[in-house]
Amino acid sequence: MLSILIPVYNFDIRTLVEQLHQQLSDAIIDFEIICQDDASELDIAKTNATIEQLDHTTYKRSDSNLGRIATRQQL
């Protein structure tokens with residue numbers, strides 16, 4: 001199993017996640033994509049949350065901004 005961990009802060013990650021998902025699916029690789037949002041602005045977080053419609057994909061959002069290191073440690 002391949003786990004792809006993506007820390008996120010105020011950035012639209014939909015294209016990245018969709019392309020990764022498609023490539024991994026085409027390659028018939030067992031995978032999971034986990035995105036950890038470090039309390040992005042609400043409109044961006046709502047936009048990014050749509051990636052959960054993809055199989056094997058999770059989007060988590062922190063309630064407060066923890067910083068790069070703490071977000072990576074959570075992943």
Side-chain angles (χ1 to χ4, degrees):
M1 156 120 38
L2 176 65
S3 294
I4 298 177
L5 309 174
I6 304 173
V8 182
Y9 180 70
N10 282 336
F11 187 79
D12 185 345
I13 57 167
R14 291 176 299 168
T15 302
L16 169 65
V17 172
E18 289 167 359
Q19 288 181 1
L20 285 170
H21 188 276
Q22 185 63 50
Q23 291 173 11
L24 293 164
S25 295
D26 290 347
I28 311 172
I29 295 174
D30 189 20
F31 69 93
E32 66 179 348
I33 300 172
I34 302 172
C35 301
Q36 178 68 44
D37 189 316
D38 192 20
S40 293
E41 295 177 15
L42 191 55
D43 58 330
I44 293 174
K46 285 182 180 180
T47 299
N48 286 337
T50 62
I51 65 167
E52 286 202 308
Q53 296 173 1
L54 299 170
D55 294 332
H56 315 293
T57 305
T58 305
Y59 179 78
K60 300 176 184 178
R61 183 174 185 269
S62 299
D63 293 329
S64 61
N65 186 282
L66 303 173
R68 292 183 317 215
I69 294 172
T71 299
R72 289 181 182 145
Q73 288 173 341
Q74 280 187 344
L75 284 169

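This is a predicted model, so every value here is computed, not measured.
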**Student:** Roughly how far, to the nearest 0.5 Å, is the CG atom of Leu5 from the CD atom of Glu32?
**Tutor:** 7.0 Å

**Student:** Could you point out which residue of Thr57, Ile34, Leu24 forms a side-chain contact (heavy atoms from CB on, under 4.5 Å) with Ile4?
**Tutor:** Leu24

**Student:** Answer yes if Tyr59 and Leu2 sit in the same cluster of Ile, Leu, Val, Met, Phe, Trp and Tyr residues linked by side chain heavy atoms under 4.5 Å apart, and no otherwise.
**Tutor:** yes

**Student:** Do Leu75 and Phe11 share a hydrophobic cluster, counting only Ile, Leu, Val, Met, Phe, Trp and Tyr and linking them when any side-chain heavy atoms are less than 4.5 Å apart?
**Tutor:**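 No, no single cluster joins them.
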
**Student:** Would you compute the distance between atom CG of Asp38 and atom CD1 of Ile69 and round it to the nearest 0.5 angstrom?
**Tutor:** 11.5 Å

**Student:** At what distance, to the nearest 0.5 angstrom, does NE2 of His21 lie from CG of Asp55?
**Tutor:** 5.0 Å

**Student:** Using the test side chain to side chain donor-acceptor pair (under 3.5 Å), find all partners of Ser62 that sit at least two apart in sequence or belong to another chain.
**Tutor:** Gln36

**Student:** Do you know which of Ile44, Asn48, Val17, Thr71 makes side-chain contact (heavy atoms from CB on, under 4.5 Å) with Val8?
**Tutor:** Asn48

**Student:** When rounded to the nearest 0.5 angstrom, what is the spacing between OG1 in Thr15 and CD in Glu18?
**Tutor:** 6.0 Å

**Student:** Specify the closest pair of heavy atoms between Ser64 and Ala39, including all atoms of both residues, with the distance to one decimal.
**Tutor:** C-CB, 3.5 Å

**Student:** So how far is it from Leu20 CG to Cys35 SG, rounded to the nearest 0.5 Å?
**Tutor:** 9.0 Å

**Student:** So if you build clusters from Ile, Leu, Val, Met, Phe, Trp, Tyr with side-chain heavy-atom gaps below 4.5 Å, do Leu42 and Ile51 land together?
**Tutor:** no

**Student:** Taking all atoms of both residues into account, what is the closest heavy-atom pair of Asn10 and Ser40, and its distance?
**Tutor:**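 Result for this residue pair: N-OG, 2.6 Å.
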
**Student:** About how many Å separate OH of Tyr9 and CD of Glu41, when rounded to the nearest 0.5 Å?
**Tutor:**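 It comes to 7.0 Å.
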
**Student:** Would a hydrophobic clustering, with Ile, Leu, Val, Met, Phe, Trp and Tyr connected at side-chain separations under 4.5 Å, put Phe31 with Ile13?
**Tutor:**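 Yes; Ile13 is reachable from Phe31 via cluster members.
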
